[in-house]
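What follows is one structure encoded as structure tokens, with my remarks underneath.
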Amino acid sequence: MKKPILIIGKKQIIMACLTMILGIAVYVNYVISDPSEKLMVNNTNESEEYGETRFVNAGESDLMDLSNVSAADYFAQARIDKAASRDEMVETLQSVMGGGDISEEEAVVNALAAVELSHMTDLENKMESLIKAQGYNDCLVYLDENDAKVVVQSEGLDVAQAAAIKDLILSESKISAQNIRIFEVK
């Protein structure tokens with residue numbers, strides 16, 4: 001009977017090294033991470049219903065400190081920040097796509113990212129226009145893959161108005177209802 005021949009080639013050595021590096025990285029991450037963050041349990045006793053609207057105070061958000069800023073100034077600064085962020089993303093995509101040593105697959109992925117960025121920008125602009133058409137003075141929409149943040153200028157947003165905004169976002173995008181947050185700026 002023949003003995004099985006064990007052939008260890010370059011590919012097997014590389015795979016073993018990569019597996020070992022991955023294991024070390026996971027272990028180091030586990031050791032370094034904060035022990036209080038290792039187990040997170042959500043013990044909320046509140047009942048939530050689909051479509052339930054919660055108001056969020058815009059002053060407590062991470063968008064901008066509104067304590068000494070008028071609504072017009074807030075929206076002007078937010079638009080400038082949003083445009084600068086988008087320009088930076090476009091510039092990054094262009095520099096990556098302009099790189100001479102990328103494969104066809106990477107070029108396709110970069111082109112899809114550029115198309116997705118363009119689609120998100122168009123969708124944000126469309127939603128802003130539709131919300132303004134509902135009678136609000138000003139509005140900003142921030143979209144990500146999984147969530148939407150809407151900032152509206154109003155003098156007291158009631159539940160029906162918030163529900164109308166939420167319905168508009170739901171009808172125009174594939175974002176789930178619990179991932180839509182509405183901020184009010186007075």
Side-chain angles (χ1 to χ4, degrees), residues 37 40 42 48-100 102-103 105-186:
E37 294 179 3
M40 293 196 167
N42 189 5
E48 294 186 18
E49 294 181 24
Y50 174 77
E52 180 180 337
T53 303
R54 285 193 221 148
F55 294 108
V56 179
N57 186 355
E60 296 176 2
S61 73
D62 58 353
L63 296 176
M64 193 171 164
D65 181 24
L66 299 176
S67 58
N68 296 324
V69 179
S70 72
D73 291 341
Y74 168 78
F75 283 103
Q77 184 61 43
R79 280 199 172 80
I80 290 170
D81 293 344
K82 189 176 177 180
S85 173
R86 289 293 159 96
D87 290 344
E88 184 179 322
M89 283 191 271
V90 167
E91 186 177 310
T92 302
L93 277 172
Q94 286 176 342
S95 67
V96 169
M97 291 176 76
I102 61 172
S103 67
E105 293 174 8
E106 291 172 331
V108 169
V109 169
N110 292 337
L112 290 175
V115 168
E116 181 66 24
L117 177 63
S118 173
H119 175 70
M120 289 294 244
T121 303
D122 290 342
L123 192 57
E124 284 177 351
N125 292 335
K126 180 180 178 183
M127 288 179 184
E128 288 172 4
S129 297
L130 290 172
I131 291 171
K132 286 179 189 177
Q134 292 181 351
Y136 297 99
N137 292 335
D138 212 345
C139 171
L140 283 170
V141 177
Y142 299 93
L143 293 177
D144 289 331
E145 289 181 23
N146 300 323
D147 61 287
K149 294 174 185 74
V150 180
V151 182
V152 292
Q153 180 182 1
S154 73
E155 295 297 325
L157 193 66
D158 64 9
V159 175
Q161 291 171 323
I165 292 171
K166 195 173 204 178
D167 185 49
L168 188 141
I169 301 295
L170 289 171
S171 68
E172 294 295 325
S173 68
K174 295 179 181 177
I175 297 172
S176 62
Q178 66 266 18
N179 293 336
I180 299 173
R181 297 182 66 192
I182 301 171
F183 301 90
E184 179 182 12
V185 176
K186 294 182 182 184

| note | Here the gap from L123 atom CG to E172 atom CD, rounded to the nearest 0.5 Å, amounts to 6.5 Å
| field | Nearest heavy atoms of K82 and Y142, plus distance in Å | value | CD-CE2, 4.0 Å
| query | At what distance, to the nearest 0.5 angstrom, does CG of D144 lie from CE of M120? | reply | 6.0 Å
| query | To the nearest 0.5 Å, how far apart are CG in N125 and CG in L140? | reply | 10.0 Å
| note | Applying side chain to side chain donor-acceptor pair (under 3.5 Å) to T121 and not counting sequence neighbours gives R86
| request: Taking all heavy atoms of V150 and all of C139, pick out the closest pair and write down the distance. | output: CG1-SG, 4.1 Å
| request: Answer yes or no: does atom NZ of K132 have more than 12 heavy-atom neighbours from other residues, nucleotides or ligands under 6.0 Å? | output: yes
| Is there a donor-acceptor pair closer than 3.5 Å between any side-chain N or O of N137 and the backbone N or O of Q153? | no
| message | Which heavy atom of I131 sits nearest to which heavy atom of Y136, and what is that distance? | response | O-CD1, 3.2 Å
| remark: Rounding to 0.5 Å, atoms NZ (K149) and CD1 (I180) come to a distance of 11.5 Å
| message | Restricting to non-hydrogen atoms, name the atom on A148 and the atom on I175 that form the minimum distance, rounded to 0.1 Å. | response | CB-CD1, 3.7 Å
| Validation row: M127, L143 side chains within 4.5 angstrom (heavy atoms) | yes
| field | Spacing of NZ belonging to K166 relative to CD belonging to Q178, to within rounding of 0.5 Å | value | 8.0 Å
| message | According to side chain to side chain donor-acceptor pair (under 3.5 Å), who are the partners of Q134, at least two apart in sequence or on a separate chain? | response | none
| message | To the nearest 0.5 Å, what is the distance between CZ on R181 and CD1 on I169? | response | 14.0 Å
